[in-house]
Q: 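Below is the structure I would like to discuss, written out as structure tokens.
Throughout, numbering of the chain's residues begins at 1 and tracks the sequence.
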Amino acid sequence: QVATDSGTHPPFLRNGALFNNAGTFLAQNNVGISFNGGTGNAFNNTGTFTRNTGSGTYTVGGSIAFNNSGTVNANSGTLAFNGGYTQTAGSLNLAGGTVSSTTALNLQGGLLTGIGNIHAAITNSALLRPGLGFGGLNVTGHGSLLSASHLSSQLGGPPPATPHGLLNLNATSPLGP
């Protein structure tokens, strides 16, 4: 099952609404999913959530928690998680896109991989695997690398011009709990 959000009017979540994605969700507009009141709103992803078109921002609005145990792909533009992002399993893959959040990305498990930018703090207990290519995985926010964090870096070859897996943390990053 595939759901495509490509319209100009956002879907609204309110009063404890849950959006459960176990299939494929394509985020193809520059609007997103909007918060419309109440508490307990959440987008639960156990399938595949992909931002694959556009150069603008697709926003999962404030007070909508995004819970991932599937796959999230940021292939283009920006995915903004303004109600929080928690990953317990699965993966967050950056393939040229950007991820942003007004709160820390809470990576409790799974994998953070790829090439792109994260404009948010991260609290990490996942496997970090920067993609092989130029630019690396760039985090512009506080990075807490907890004791369960792992880093796996790829080596492209000996010449300096050969791409390597690069993790660039542009803020204070304590190691450990």
Side-chain angles (χ1 to χ4, degrees), residues 19-22 24-25 27 32 41-52 57-158 160-177:
F19 192 124
N20 296 312
N21 177 47
T24 299
F25 186 95
N41 301 301
F43 189 109
N44 300 312
N45 183 56
T46 58
T48 302
F49 183 97
T50 299
R51 170 72 167 153
N52 61 346
T57 300
Y58 187 92
T59 302
V60 179
S63 295
I64 300 173
F66 191 97
N67 302 307
N68 182 45
S69 61
T71 301
V72 173
N73 297 310
N75 299 348
S76 67
T78 298
L79 273 174
F81 299 105
N82 290 344
Y85 178 95
T86 299
Q87 178 173 295
T88 55
S91 62
L92 174 56
N93 307 312
L94 280 76
T98 297
V99 171
S100 70
S101 180
T102 55
T103 61
L105 301 178
N106 184 3
L107 304 171
Q108 298 173 0
L111 174 66
L112 169 59
T113 188
I115 298 170
N117 299 306
I118 295 177
H119 298 296
I122 63 169
T123 300
N124 186 63
S125 290
L127 171 61
L128 298 174
R129 187 178 332 155
L132 190 60
F134 295 103
L137 185 58
N138 300 294
V139 178
T140 54
H142 181 82
S144 294
L145 305 178
L146 304 178
S147 60
S149 294
H150 290 18
L151 175 63
S152 173
S153 188
Q154 303 173 64
L155 300 176
T162 304
H164 301 287
L166 173 69
L167 175 62
N168 183 16
L169 295 171
N170 291 317
T172 10
S173 299
L175 303 175

Q: Take the angle between the ring planes of Phe25 and Phe43 and call it parallel below 30°, perpendicular above 60°, tilted in between.
A: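 Plane angle over 60°, so perpendicular.
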Q: Quick check on side-chain contact (heavy atoms from CB on, under 4.5 Å): which of Asn106, Leu107, Asn68, Thr123 does Thr86 satisfy it with?
A: Asn106
Q: Return the set of residues passing side-chain contact (heavy atoms from CB on, under 4.5 Å) with Ser101 (not counting sequence neighbours), or none when no residue passes.
A: Phe81, Thr103, Leu105, Ala120
Q: Side chains of Asn117 and Thr140: does their closest heavy-atom pair fall under 4.5 Å?
A: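 The answer is no; the side chains never approach within 4.5 Å.
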Q: If you define the side chain from C-beta out and look only at heavy atoms, does anything of Val99 sit under 4.5 Å from Tyr85?
A: no
Q: For a quick test of reading the model, state the closest non-hydrogen atom pair linking Thr98 to His119 and the distance between them.
A: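 Taking every non-hydrogen atom into account, CG2-CD2, 3.3 Å.
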Q: Do Leu112 and Leu94 have side chains that approach each other closer than 4.5 Å (heavy atoms only, starting at C-beta)?
A: yes
Q: Given side chains that start at C-beta, do those of Phe49 and Leu79 come closer than 4.5 Å, heavy atoms only?
A: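 When only atoms from C-beta onward are counted, Leu79 and Phe49 do touch, with a gap below 4.5 Å.
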Q: Could you report the tightest heavy-atom contact between Gln108 and Thr88, atom names first, then the distance?
A: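 It is OE1-CG2, 3.3 Å.
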Q: Restricting to non-hydrogen atoms, name the atom on Thr57 and the atom on Thr59 that form the minimum distance, rounded to 0.1 Å.
A: CG2-OG1, 3.4 Å
Q: If the condition is side-chain contact (heavy atoms from CB on, under 4.5 Å), which residues does Ala95 pass it with, not counting sequence neighbours?
A: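 Partners of Ala95 by the side-chain contact (heavy atoms from CB on, under 4.5 Å) criterion, ordered by chain and then number, come out as Asn75.
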Q: What's the spacing between Asn67 CG and Thr46 OG1 if we round to 0.5 Å?
A: 11.0 Å
Q: Might you point out which heavy atoms bring Gly109 and Ala126 nearest each other, and give the distance in Å?
A: O-CB, 3.5 Å
Q: With rounding to the nearest 0.5 angstrom, report the OG1 to CD1 distance, Thr78 to Ile118.
A: 12.0 Å
Q: Testing the basics here: between Asn45 and Thr48, what is the closest heavy-atom pair and its distance to 0.1 Å?
A: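 Here Asn45 and Thr48 meet closest at OD1-N, 3.7 Å.
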Q: To the nearest 0.5 Å, tell me how far Asn82 CG sits from Ile64 CD1.
A: 9.5 Å
Q: Is a donor on one side and an acceptor on the other found under 3.5 Å between the side chain of Arg129 and the backbone of Thr113?
A: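 Not at all, since once roles are kept as given, no pair shorter than 3.5 Å links the two residues.
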